[in-house]
Structure formats: structure tokens, C-alpha cells
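So the structure is just underneath, and the comments pick up after that.
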Amino acid sequence: MADFETADFELPTTEAGLRARQDELVRALATENSAGGLASLSTELEAIQRRLEHLR
């Protein structure tokens with residue numbers, strides 16, 4: 001199991017939900033200042049992108 005699958009967040013279950021969360025994360029990454037926050041947001045964004053790839 002990959003690290004992103006064991007992270008402390010739950011991913012949305014629908015494609016629309018994944019895309020909405022992806023948009024939220026991109027906006028949050030643009031304004032995040034802490035390294036820890038950036039790492040967490042990036043990890044979740046990567047998980048969402050992988051999930052979306054699997055839906056194709």
C-alpha cells in the first residue's frame with residue numbers, strides 16, 4: 001500500500017468530489033507558508049491525482 005493511501009485524510013468517493021477537493025488543495029497550496037502544511041497538502045493532492053488517473 002502506498003503512503004498516500006495510509007495518510008490521515010479521507011478522499012472523496014466521487015469524481016466530482018475528487019475534482020472539487022483538488023481545486024481546493026491547489027488554492028490552499030498557493031497560500032500555504034509552512035513546510036509541514038505544504039507537505040500535507042501535496043500528499044493529499046498526489047493521492048487525489050492518482051485516484052483520478054485510476055478512474056480514466
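Given the structure is predicted, the values throughout are model-derived calculations rather than measurements.
In this structure, R19 CZ and R51 CZ are separated by 13.5 Å, a value rounded to the nearest 0.5 Å. Distance CD1/I48 to CD/E24: 8.5 Å, rounded to 0.5 Å. We find the OG1-CG distance between T31 and L29 to be 8.0 Å, quoted to the nearest 0.5 Å. Here the straight-line distance linking atom CG of L38 with atom CG of L45 works out to 11.5 Å at 0.5 Å rounding. In this structure, the separation between CD on Q22 and CG on L11 is 11.5 Å, given to the nearest 0.5 Å. L41 contributes atom CG, which lies 6.0 Å from atom CG of L25 (distance to the nearest 0.5 angstrom).
A salt bridge links E44 with R21: the closest approach of a Lys/Arg side-chain nitrogen to an acidic carboxylate oxygen falls below 4.0 angstrom.
Side chain of S40 to main chain of G36: no donor-acceptor pair is present (N/O by atom type, distance under 3.5 Å, no hydrogens or angles).
A pairwise comparison of heavy atoms in L18 and L52 identifies CB-CD2, 3.8 Å as the closest pair.
When the side chain to side chain donor-acceptor pair (under 3.5 Å) test is applied to S34, the partners found at least two apart in sequence or on another chain are E32. Residues passing the side chain to side chain donor-acceptor pair (under 3.5 Å) test with Q49: none are found, sequence neighbours excluded.
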